[in-house]
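Please read the structure below before turning to the comments.
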Amino acid sequence: MQDVIIIGAGPCGLSAAIECGRRGLSTHIIEKHCLVHSIYLYPTHMQFFSTAELLEIGDVPFPSPNEKPFRYEALSYYRKVADHYDLSISQYEEALSVERQPDHSFVVHTVDRSGQKHQYEARNVVISTGYFDHPNYIGIPGEGLDKVTHYFREAHPYTGMNVAIIGGSNSAVDAAMELIRVGANIHMVYRGEEVSENIKPWVRPVFEAMVKKGKIEVHVQSKVTEIRESSITIQDKDGHTTEIDNDFVLALTGFRPDRKLLASCGVELDGDMEKPLFNPETMESNVPGLYVAGVIASGRNANEVFIETGRKHGGLIAEHIAAVRASQQ
């Protein structure tokens, strides 16, 4: 019987394990993929919007020669933090459900990569599963073609190709800037009136210069209505359609958290945003002993919680669990 089972080994899950350990609570982390998998899925050369200090967990300094660290630095940092605290982690093991017992403890049912099923008993459970496994699909003809991806890793495979980017966020702009370097012919299609206001300030002027130079063709207030093997159709705000040659589509339309674990143990979800009900002072859900940490607490708006805010959830959770345990002794 563990004091705490944490589902998800992202920065917020790691932070929760560290804070619980500091208060003498036995913890174990279950991770479907690898350590900090969401960061692993970021573009290979991605630079964070946050400073290194704001990504720190467990009072372990994040040394970086850059004002804004890069993905590879973050991967190294979180590996070192996990080693420093000797965190107990089962990687490549998926949590399938969380079952509440009559004595108010929990059983977490899992399956590993070889198909073997396991179960863990715990007095408390923290769900910190992130959102990068579940892209927001557009629902248009051709979205399932092999040429379409919701993840951009690096530009090299698109050298000299006709590439359409669907989206206008930081990820879309970053992808466009990398694609320029390999000579791709880029069309960016975005339903908004202009690209996001939250574009990294050191990237925006360079991006706008590339647009003016014709290196990137931007279609605002527009949408892709169909994807074919060698072309796509773009519809503007007036309903006019244009077919353009296309080799690859980067559908960078964002991601959404997975709700099945929350639903499996009776956590209530609020309205259309599917935001779990929880106490923001403790992060405890409507199910006593079950907590949420990180982006899973944000509902469908994955931009509501970032590492720099979600890393603080672990302290709130650990403090509450320790207080409840002390009151029962």
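Please read all numbers here as calculations on a predicted model, not as lab measurements.
- Note that CD1 of Ile165 and OG1 of Thr253 are 12.5 Å apart. Values are rounded to the nearest 0.5 Å.
- Residues Gln47 and Asn66 have side chains that never bring a donor and an acceptor to within less than 3.5 angstrom of each other.
- Comment: Glu19 engages Arg23 in a salt bridge, judged by a side-chain N to carboxylate O separation of less than 4.0 angstrom.
- Grouping the Ile, Leu, Val, Met, Phe, Trp and Tyr side chains by contacts below 4.5 angstrom, directly or via other members, places Met177 with Val220.
- Few gaps surround NZ on Lys147; more than 12 heavy atoms of other groups in view lie less than 6.0 Å from it.
- Gly13 and Ile29 get closest at one heavy-atom pair: O-CD1, 4.3 Å.
- Within a 6.0 Å radius of CZ in Arg228, other residues, nucleotides and ligands contribute more than 12 heavy atoms.
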Check step by step if side-chain contact (heavy atoms from CB on, under 4.5 Å) holds for Val111 and Glu94.
CA-CA 5 Å; Val111 61; Glu94 181 180 5; 4.3 Å; yes
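- Cluster partners of Val148, by chain and number: Ile138, Ile140, Leu145, Ile166, Val189, Val224, Ile227, Ile232, Ile234, Ile244, Val249. The rule joins Ile, Leu, Val, Met, Phe, Trp and Tyr whenever side-chain heavy atoms lie under 4.5 Å apart.
- Residues Arg22 and Tyr85 meet the side-chain proximity criterion, which asks for heavy atoms closer than 4.5 Å.
- Here the closest heavy-atom approach between residue Ala297 and residue Phe278 is recorded as O-CE2, 3.4 Å.
- Residues Leu262 and Leu269 form a side-chain contact, since some pair of their non-hydrogen atoms from C-beta on lies under 4.5 Å apart.
- Surrounding CZ of Arg204 are more than 12 heavy atoms belonging to other residues, nucleotides or ligands, all under 6.0 Å away.
- At distances below 3.5 Å, not a single donor-acceptor pair connects side-chain atoms of His118 with backbone N or O atoms of Thr110.
- Judged purely by atom type and a 3.5 angstrom limit, Asp247 uses its side chain to pair as donor or acceptor with the backbone of Asn162.
- The side-chain heavy atoms of Val98 and Ile5, taken from C-beta on, include no pair separated by under 4.5 Å.
- A pairwise comparison of heavy atoms in Leu14 and Ala9 identifies CG-O, 3.9 Å as the closest pair.
- There is a path of hydrophobic side-chain contacts, each under 4.5 Å, that joins Ile317 to Val108.
- In this structure, Asp238 contributes its side chain and His240 its backbone to no donor-acceptor pair below 3.5 Å.
- Among all heavy-atom pairs drawn from Phe62 and Ala52, the shortest one is O-CB, 3.5 Å.
- Counted within 6.0 Å of NZ on Lys68, heavy atoms from surrounding residues, nucleotides or ligands total more than 12; the atom is thus considered enclosed.
- Counting heavy atoms from C-beta outward, Asn170 and Ile199 have side chains that approach closer than 4.5 Å.
- Aromatic ring orientation, His28 versus Tyr120: parallel (interplanar angle below 30°, classes split at 30° and 60°).
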Before you tell me yes or no, could you show the steps for Arg311 and Glu56 under side-chain contact (heavy atoms from CB on, under 4.5 Å), namely the whole-Å CA-CA distance, both residues' side-chain angles and the distance that decides it to 0.1 Å?
CA-CA 8 Å; Arg311 65 184 178 147; Glu56 292 176 354; 4.1 Å; yes
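- Glu154 CD to Leu179 CG: the interatomic distance, rounded to the nearest 0.5 Å, is 11.0 Å.
- Here the straight-line distance linking atom NZ of Lys32 with atom CD of Gln91 works out to 14.5 Å at 0.5 Å rounding.
- Residues His150 and Ala251 share a closest heavy-atom pair of ND1-O, 3.0 Å.
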Does the ring-ring contact (aromatic ring centres under 6.0 Å, His included) test come out yes or no for His320 and Tyr291, once each step is laid out?
CA-CA 10 Å; His320 186 252; Tyr291 300 80; 5.8 Å; yes
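- Here the closest non-hydrogen pair linking Ala95 and Ile7 is CB-CG2, 3.8 Å.
- With 3.5 Å as the limit, one finds no donor-acceptor pair spanning the side chains of Gln235 and Thr225.
- Within the 3.5 Å criterion, the main-chain N or O of Val4 finds no donor-acceptor partner in the side chain of Gln2.
- Val125 places none of its side-chain heavy atoms less than 4.5 Å from the side chain of Val287.
- Open room surrounds CD on Glu53; 12 or fewer heavy atoms of other groups in view lie less than 6.0 Å from it.
- A side-chain N or O of His109 and one of Glu99 form a donor-acceptor pair less than 3.5 Å apart.
- Atom CD of Gln101 sits in a crowded spot, with more than 12 heavy atoms from other residues, nucleotides or ligands closer than 6.0 Å.
- Within a 6.0 Å radius of CG in Asp146, other residues, nucleotides and ligands contribute 12 heavy atoms or fewer.
- Side-chain contact check for Ser222 versus Tyr190: every heavy-atom pair is 4.5 Å or farther apart.
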One pair to check against side-chain contact (heavy atoms from CB on, under 4.5 Å): Asn185 and Asp245. What are the steps and the verdict?
CA-CA 10 Å; Asn185 179 31; Asp245 293 338; over 6 Å; no
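- Using a 30° and 60° split on the angle between ring planes, His219 and His187 fall in the parallel class, below 30°.
- Hydrophobic cluster membership differs between Tyr77 and Tyr72, with clusters built from Ile, Leu, Val, Met, Phe, Trp and Tyr side chains linked at under 4.5 angstrom.
- Checked against the 6.0 Å centroid threshold, Tyr151 and Phe255 count as a close aromatic pair.
- Ser285 OG to Leu277 CG: the interatomic distance, rounded to the nearest 0.5 Å, is 8.5 Å.
- The backbone N or O of Ser97 sits nowhere less than 3.5 Å from a side-chain atom of Ser264 that would complete a donor-acceptor pair.
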Evaluate the side-chain contact (heavy atoms from CB on, under 4.5 Å) criterion for residues Phe70 and Glu73: first the C-alpha distance (whole Å), next the side-chain angles of each, then the deciding distance (0.1 Å), finally the verdict.
CA-CA 5 Å; Phe70 287 82; Glu73 296 177 90; 3.6 Å; yes
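- Taking CG of Leu87 as the start and OH of Tyr78 as the end, the distance is 13.0 Å to the nearest 0.5 Å.
- Tyr42 does not carry Arg71 over the face of its six-membered ring by the limits of under 6.0 Å from the centre and within 45° of the normal.
- Distance check: Arg123 CZ to Asp3 CG gives 5.0 Å after rounding to the nearest 0.5 Å.
- Residues Val126 and Met283 are not in side-chain contact: their nearest non-hydrogen atoms beyond the backbone lie 4.5 Å or more apart.
- Side-chain contact check for Phe49 versus Leu54: every heavy-atom pair is 4.5 Å or farther apart.
- Residues satisfying the side chain to side chain contact (heavy atoms under 4.5 Å, CB included) test with Ser128, not counting sequence neighbours, are Cys12, Ala293.
- With a 6.0 Å radius and a threshold of 12 heavy atoms from other residues, nucleotides or ligands, Lys200 has its NZ atom above the threshold.
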